[in-house]
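Structure first, then comments.
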Amino acid sequence: MSASNGFKNNFRAVIVAICFALALAIGVIRYLTGPEWALSALYLFPIILVTWKAGIGAGIFISFTSAISWLIADLMMVNVFSNAIIPYLNETFRLLVFMVITFIIHKLRTALENQKELAGTDPLTSVANRRAFYDLANLELNTARRYQTPISFIYLDIDIYKSSRQY
């Protein structure tokens, strides 16, 4: 495993832990503010953050954590419901909303990554294009500046290839 993968995994674990703690904290706030305040929207922040940064699995986990946190707060706050199944039905529907948002955020992130990849490759050859070259060159120039090392680039522009295509 490379150092980059280890850093990404550690970063994801930290994001999941922070969002887990945040979901639990929102549940405590829910309990402390009483049954009149509906704080469902506050759960969206950790759900969206963790789904974007750590992936769909983490988003599903935080969605469940959020729904369970809300359910526990409800059960601790309100001793009597008109029907014992009401808090469980409410949380089931809330969980469904959280899950839909998780899947929407995941699909949005995937679509943006695909568009970024498509923007950096030539559709005919699947070779990195000028935009990708500038992005990578900028990254390498910044690395060379940071470590104060020399750098060399070779750039070939093959325009003849485009004119030889047959339509």
With clusters defined by side-chain heavy atoms of hydrophobic residues (ILVMFWY) lying less than 4.5 Å apart, directly or transitively, does [Y] cluster with [X]?
{"X": "Leu71", "Y": "Leu89", "value": "no"}
{"X": "Phe45", "Y": "Trp37", "value": "yes"}
{"X": "Leu49", "Y": "Leu42", "value": "yes"}
{"X": "Ile68", "Y": "Leu32", "value": "yes"}
{"X": "Leu96", "Y": "Ile86", "value": "no"}

Say you draw a straight line from [atom1] of [X] to [atom2] of [Y]; how long is it, rounded to the nearest 0.5 Å?
{"X": "Ile56", "Y": "His106", "atom1": "CD1", "atom2": "NE2", "result": "4.5 Å"}
{"X": "Ile48", "Y": "Ile104", "atom1": "CD1", "atom2": "CD1", "result": "9.5 Å"}
{"X": "Asn129", "Y": "Leu124", "atom1": "CG", "atom2": "CG", "result": "12.5 Å"}
{"X": "Lys53", "Y": "Ile105", "atom1": "NZ", "atom2": "CD1", "result": "12.5 Å"}
{"X": "Leu108", "Y": "Ile101", "atom1": "CG", "atom2": "CD1", "result": "13.0 Å"}
{"X": "Arg130", "Y": "Asp135", "atom1": "CZ", "atom2": "CG", "result": "11.5 Å"}

Subject >> Any donor-acceptor N or O pair under 3.5 Å, side chains Thr121, Ser126 >> reply: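 Absent: no donor and acceptor within the cut-off.
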
Subject >> Donor-acceptor pair between Tyr43 and Ser69 side chains, under 3.5 angstrom >> reply: yes

Taking the side chain as C-beta and beyond, is there a heavy-atom pair between [X] and [Y] under 4.5 Å?
{"X": "Thr51", "Y": "Phe61", "result": "no"}
{"X": "Tyr31", "Y": "Asp74", "result": "no"}
{"X": "Thr125", "Y": "Asp122", "result": "yes"}
{"X": "Lys116", "Y": "Leu112", "result": "no"}
{"X": "Thr110", "Y": "Asn114", "result": "yes"}
{"X": "Leu39", "Y": "Trp70", "result": "yes"}

Would you find more than 12 non-hydrogen atoms of other residues, nucleotides or ligands less than 6.0 Å from [X] atom [atom1]?
{"X": "Glu113", "atom1": "CD", "answer": "yes"}
{"X": "Phe64", "atom1": "CZ", "answer": "no"}
{"X": "Ile85", "atom1": "CD1", "answer": "no"}

Donor-acceptor contacts, no H, no angles, side chain residues 12-26, under 3.5 Å, sequence neighbours left out:
none

Original post:
Taking all atoms of both residues into account, what is the closest heavy-atom pair of Asn83 and Pro87, and its distance?
Top reply: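 That would be O-CD, 4.0 Å.
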
**OP:** Over all heavy atoms of both residues, which pair between Ile47 and Ser63 is shortest? Give the atoms and the distance, please.
**Re:**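 Closest heavy-atom pair between Ile47 and Ser63: CG2-OG, 3.8 Å.
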
Subject >> Single hit among Glu140, Arg146, Arg145 for side-chain hydrogen bond (donor to acceptor under 3.5 Å, both in side chains) with Asn142 >> reply: Arg145

Original post:
Where do Leu44 and Phe98 land on the side-chain contact (heavy atoms from CB on, under 4.5 Å) test, with the steps shown first?
Top reply: CA-CA 7 Å; Leu44 297 180; Phe98 291 163; 4.0 Å; yes

